[in-house]
Amino acid sequence: MKPHSVVVVNLHTPREKFWGELLEINPAGITLQGIDLNAFDEWLNQVRRNPAVGMTTVFFPLCRVERVELDEPSGEVPSLSETFHQRTGRSFAEYLNR
């Protein structure tokens, strides 16, 4: 995975999932600009009302990372990036000013 990929990071101890833009991955861990997936729907509602709503930049030590996967559609199930586009009317890349 390369920097600026949109990913889902699965963590353990405690069990969490984060979604967002991969900023860096190195032997120490992963830096991500994103949000906890538990807050995804509420965050999307906020972004629709106020496009300036941001995300958090977080670092996860590699010992907590269970899996990193690209944000891709699965059959008819849209990716989270596609869901973002459907609900906000703009692409996630536009949101990130890329």
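Under the side chain to side chain donor-acceptor pair (under 3.5 Å) rule, Asn10 has a single partner from Glu69, Arg15, Arg64, Glu16, which is Glu69. Among the candidates Val65, Val68, Asp36, the single residue satisfying the side-chain contact (heavy atoms from CB on, under 4.5 Å) test with Leu11 is Val65.
With rounding to the nearest 0.5 angstrom, the NE2 atom of His4 is 9.5 Å from the CG atom of Leu96. Between the CD1 atom of Ile25 and the CD1 atom of Ile30 there is a distance of 4.0 Å, given to the nearest 0.5 Å. One finds the CD atom of Glu21 at 9.0 Å from the OG1 atom of Thr57 (value rounded to the nearest 0.5 Å). Note: Asn50 CG to Asn45 CG = 12.5 Å, rounded to the nearest 0.5 Å.
Between Val8 and Leu37 the shortest side-chain heavy-atom distance falls below 4.5 Å. Contact check for Pro51 versus Arg90: side-chain heavy atoms found under the 4.5 Å cut-off. Using a 4.5 Å heavy-atom threshold, the side chains of Met1 and Val7 count as touching. Between Asp41 and Arg87, some side-chain heavy-atom pair lies under the 4.5 Å cut-off. Put simply, the side chain of Asp71 does not reach to within 4.5 Å of the side chain of Glu82, judged on heavy atoms. Considering only heavy atoms from C-beta on, Thr83 comes within 4.5 Å of Leu44 through its side chain. Looking at Ser79 and Pro73, their side chains come closer than 4.5 Å, going by heavy atoms from C-beta outward. Using a 4.5 Å cut-off on side-chain heavy atoms (C-beta onward), Phe18 and Ile35 make no contact.
The two residues Asn26 and Leu62 have their closest heavy-atom pair at O-CD2, 4.2 Å. The minimum heavy-atom distance linking Gln86 with Pro78 is given by the pair NE2-CB, 4.4 Å.
Under the 30°/60° scheme for interplanar angles, the aromatic rings of Phe40 and Trp43 are found to be tilted.
Under a hydrophobic-cluster definition in which Ile, Leu, Val, Met, Phe, Trp and Tyr are linked whenever side-chain heavy atoms come within less than 4.5 Å, directly or via other members, Phe60 and Met55 are assigned to different clusters. No continuous path of ILVMFWY side-chain contacts below 4.5 Å connects Val9 to Phe59, so the two sit in separate hydrophobic clusters.
Not one N or O on the side chain of Trp19 forms a donor-acceptor pair closer than 3.5 Å with the backbone of Val6. Between the side chain of Thr56 and the backbone N or O of Val58, no donor-acceptor pair lies under 3.5 Å.
For Glu66 and His12, the side-chain atoms include no donor-acceptor pair closer than 3.5 Å.
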